[in-house]
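What follows is a set of notes on a single structure, which appears directly below.
Atoms within a ligand are numbered from 1 in the order they appear, just like the ligands themselves.
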Amino acid sequence: MTSPQTLLRGRTLNFTAEPNGPDDTQAYEYCEDGAILIQDGLIVASGDYVSVSAQATDAVVIDHRPHLLMAGFIDTHIHFPQVQVIASWGAQLLDWLNTYTFPAETQYADPAHSATMAGKFFDQITAHGTTTAVAYCSVHKTSADAFFTEAARRNMRMIGGKVMMDRNAPDGLRDTPQSSYDDTKALIETWHGKGRATYAITPRFAITSTPAQMEMAQALVQQHSDCYVQTHLSENHDEIAYTAELYPNARDYLDVYQSYGLLGPKMLLGHSIHLKPREIDALVETGAHPVFCPTSNLFLGSGLFDDAGLRGRGVTNAIATDVGAGTSYSMLQTLNEGYKVLQLQGQSLHPLRAFHWITRGNALALGLENKIGTLAPGSEADIVVLNAAATHAMALRLERATTLSEELFILMMMGDDRAVDCVYLGGKASENT
Ligand code: GUN
Ligand code: ZN
């Protein structure tokens, strides 16, 4: 017996390359009357409704017209234990961590709290159209167990790891070099490659890890080269100065991580704002990925990410919310603020490139473009259904829109969870959108 098929009908948008300008119609496929055929959680075919439906055998048809169907959004940097930290007033990075973030994260030692908040976290990101996230858990092993348990229950492709942090944090929020190694090892053993879970080795940042802990991170990366590595880099001037004090032999901030062998194409470096020429050279040489977090960078007053400068050197930048310093779970709102950050530097973010970035672009940075980020046959059926007329203000503006790019720009400037009509995770409609 063959397994059941689902046929989603609507306007479909699928990127096949990064658009190199507003008129790059070669970079995507758009079907006014389109469809996506799904079986066993995977996309069998997508494109024009007539040809896709001809391939269906007894499929259940779900009609989403006139909405837009595209690959689910990918958030490449978010903190799961900060769901109750978002919107905390009046501080820049180091004060914000000490005043709001560290106290909130200590609560995740409690498995019941971790489990409850994991449910809330996944409700939020799904409601905002995000189907894959790369997440920081708290220092407690139990928070990562809760994160992956809940992701598995919802059949979501998730990447995450417990933060390693053994100094400059309060009691109850520090591990030791040995315990961070043991807990990370155990989590990799339990979760990495299980279903849709992937582990990210996560030294939080240079300030909260001793050299002895960095050595443990290095050992883990050597032993588990198929895991991701994530950390923070050059977000704030006080942070950079303190890092230089703590690692006096490092040539610069990135060299702290580089000297412990952490850099490579599987590494994600949150923020990467105030980079020196040598650090940019090192990013180019190693293929590590800066992660642009616009709502966070504006909220904490951290600075302006130089997207064009890095791209011009051939670096593949990812983009992310960074909740709870980020102020929205929405990748649409992330594009909104990202657009403005680039405007302030005379750089421009065209809507075609913007929507490519939060789907296939972030998938490319993760090396997952054959699994997520597009509607190509064989991809996992994580899909977002978007309504560009979700609010009265959007509908009013849409009346004067004549092109796909205009519609996308309305979505990214005015859209949020209200514009997400529905989300499919591994081919199944999520219950909470
Ligand atoms: N640097 C170290 N930890 C954090 C964090 O939780 N958020 C942000 N924005 N930067 C960090
Ligand atoms: Zn962060």
Side-chain angles (χ1 to χ4, degrees), residues 75-108 117 121 125 133-140 143-144 147 159-170 173-175 180 200-210 213-214 217 228-243 246-247 253-254 256-257 267-274 289-305 318-329 334 337 341:
D75 186 347
T76 53
H77 183 126
I78 185 165
H79 295 259
F80 142 57
Q82 295 178 14
V83 287
Q84 295 181 313
V85 175
I86 185 170
S88 293
W89 181 84
Q92 296 216 346
L93 177 63
L94 299 180
D95 289 338
W96 175 85
L97 285 171
N98 289 318
T99 311
Y100 302 113
T101 308
F102 289 164
E105 291 194 12
T106 57
Q107 286 189 278
Y108 287 72
M117 290 301 155
F121 172 81
I125 64 169
V134 188
Y136 289 67
C137 302
S138 75
V139 73
H140 316 98
S143 74
F147 171 83
I159 300 166
K162 85 154 214 105
V163 291
M164 305 167 71
M165 50 193 294
D166 67 344
R167 67 169 167 189
N168 288 319
L173 203 65
R174 290 188 309 272
D175 51 16
S180 70
I201 298 163
T202 310
R204 185 176 199 129
F205 68 154
I207 290 177
T208 48
S209 287
T210 60
Q213 183 163 68
M214 286 298 182
Y228 292 94
V229 192
Q230 61 178 346
T231 190
H232 296 85
L233 174 71
S234 292
E235 178 176 4
N236 166 289
H237 292 297
D238 291 344
E239 171 210 21
I240 295 167
Y242 191 23
T243 298
L246 292 170
Y247 286 94
Y253 195 159
L254 185 59
V256 174
Y257 305 134
M267 187 175 210
L268 298 165
L269 292 152
H271 308 293
S272 302
I273 298 171
H274 310 286
H289 302 286
V291 185
F292 178 26
C293 305
T295 73
S296 166
N297 298 161
L298 294 172
F299 179 72
L300 292 178
S302 301
L304 305 178
F305 179 85
I319 184 166
T321 63
D322 191 33
V323 164
T327 52
S328 171
Y329 291 93
T334 301
E337 305 267 278
V341 167

| remark: With heavy atoms and a 4.0 Å threshold, my read on which part of E239 contacts ligand 1 is neither

| said: So, at under 2.8 Å, which protein N, O or S atoms would a careful student list around the Zn ion (ligand 2)? | reply: H77 NE2, H79 NE2, H232 NE2, D322 OD1

| Is there at least one pair of N or O atoms, one from W96 and one from ligand 1, spaced under 3.5 Å apart? | no

| message | Using every non-hydrogen atom in the two residues, find where V291 and A320 come nearest and quote the distance to one decimal. | response | CG1-CB, 3.6 Å

| Could you state the interatomic distance from OG (S88) to CG (D95), rounded to the nearest 0.5 Å? | 12.5 Å

| said: For Y253 and E239, which I'm curious about, is there any donor-acceptor pair between the side chains at under 3.5 Å? | reply: yes

| query | Given H271, which of N297, L233, N236 fulfils the side chain to side chain contact (heavy atoms under 4.5 Å, CB included) condition? | reply | N297

| query | For T327, what residues pass the side chain to side chain contact (heavy atoms under 4.5 Å, CB included) criterion, not counting sequence neighbours? | reply | T295, F299

| said: Within ligand 1, which atoms have a heavy atom of E235 less than 4.0 Å away? | reply: 1 (N), 8 (C), 9 (N), 10 (N), 11 (C)

| said: Distance under 4.0 Å to a non-hydrogen atom of D322: what atoms of ligand 1 satisfy this? | reply: 8 (C), 9 (N)

| remark: The atoms of ligand 1 lying under 4.0 Å from a heavy atom of F205, numbered in the order shown, are 1 (N), 2 (C)

| Heavy-atom closest pair, residues L97 and P103 | O-CD, 4.0 Å

| query | Just which atoms of ligand 1 are under 4.0 Å from any heavy atom in A325? | reply | 9 (N)

| query | Which residue supplies the protein heavy atom nearest to atom 1 (N) of ligand 1, what is that atom called, and how far is it? | reply | H232 CG, 3.4 Å

| query | Do any nitrogen or oxygen atoms of E105 come within less than 3.5 Å of a nitrogen or oxygen of ligand 1? | reply | no

| Listed partners of A104 passing side chain to side chain contact (heavy atoms under 4.5 Å, CB included), at least two apart | V85

| NE2 of H79 to OG of S143: how many Å apart, nearest 0.5 Å? | 12.5 Å

| side chain to side chain contact (heavy atoms under 4.5 Å, CB included) against N98, all qualifying residues, sequence neighbours excluded | F102

| Element-labelled atoms of ligand 1 that are located less than 4.0 Å from some non-hydrogen atom of H79 | 5 (C), 6 (O), 7 (N)

| remark: Heavy-atom nearest pair, K162 first then T202, reads O-CB, 3.5 Å

| field | Mode of L93 contact toward ligand 1 - side chain, backbone, both, neither (heavy atoms, under 4.0 Å) | value | side chain

| Are the ring centres of Y136 and H77 closer than 6.0 Å? | yes

| remark: Short version for I207: what comes under 4.0 Å of ligand 1, heavy atoms counted, is neither

| Should the pair F121 and F147 be assigned to parallel (<30°), tilted (30 to 60°) or perpendicular (>60°) ring geometry? | tilted

| query | Going by distance only, is there an N or O of R204 that falls short of 3.5 Å from an N or O of ligand 1? | reply | yes

